[in-house]
Amino acid sequence: MFSGGTHHMGTDQHTAVPSCDLVKVPERQGLETVDILRLRGGCGPVLHEDADSTLSFVVPMGALDAWHLPGVSGAQAPPEDDRNWLLPPSPERALTDPAQLRAALGEAARTLAASGSDGA
């Protein structure tokens, strides 16, 4: 499992994030998904929202237009700079590819189901 810390991104560390969509998932499923994507070299910026126990993957604008995956929600809004980042935006970290994310979310859900975890 990914063991990196949560990063808070303030104005002193400003990195521009383009307009994008956010794919929000339960924290446990999100952490499994981050692991899968990182192993494959395809994980973009990820927000960690402690209050909701969720992770939000940053994907290109318009990706949610055809997104229909149970247990996953989304928002069509750019992330604010003042957020907690599990993986912060950087010039080296592209946005997560929606097709790769969808596949990794499915794999993570199957892994959690097989282990008896509900993904929350």
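For the pair Arg93 (side chain) and Pro89 (backbone), a donor-acceptor distance under 3.5 Å is absent. Side chain of Arg38 to backbone of Cys43: no donor-acceptor contact under 3.5 angstrom is found.
Of all heavy-atom pairs spanning Ala94 and Pro45, the tightest one is O-CD, 3.5 Å.
Val59 places a side-chain heavy atom less than 4.5 Å from the side chain of Thr96. Trp85 is listed as a side-chain neighbour of Leu47, based on a closest heavy-atom distance under 4.5 Å. The side-chain heavy atoms of Asp21 and Met61, taken from C-beta on, include a pair separated by under 4.5 Å. Between Glu32 and Glu107 the shortest side-chain heavy-atom distance does not fall below 4.5 Å. Side-chain contact between Thr33 and Val25 is absent, with no heavy-atom pair separated by less than 4.5 Å.
Under the 4.5 Å side-chain heavy-atom criterion for ILVMFWY residues, a single connected hydrophobic cluster contains both Leu95 and Leu22. Using a 4.5 Å cut-off between side-chain heavy atoms of Ile, Leu, Val, Met, Phe, Trp and Tyr, with links allowed through other members, Ile36 and Leu31 fall into different hydrophobic clusters. Taken together through direct or relayed side-chain contacts under 4.5 Å among Ile, Leu, Val, Met, Phe, Trp and Tyr, Leu86 and Val23 form part of one hydrophobic cluster.
Each of Lys24, Arg28, His48 was checked for a side chain to side chain contact (heavy atoms under 4.5 Å, CB included) with Leu55, and the lone residue meeting it is His48.
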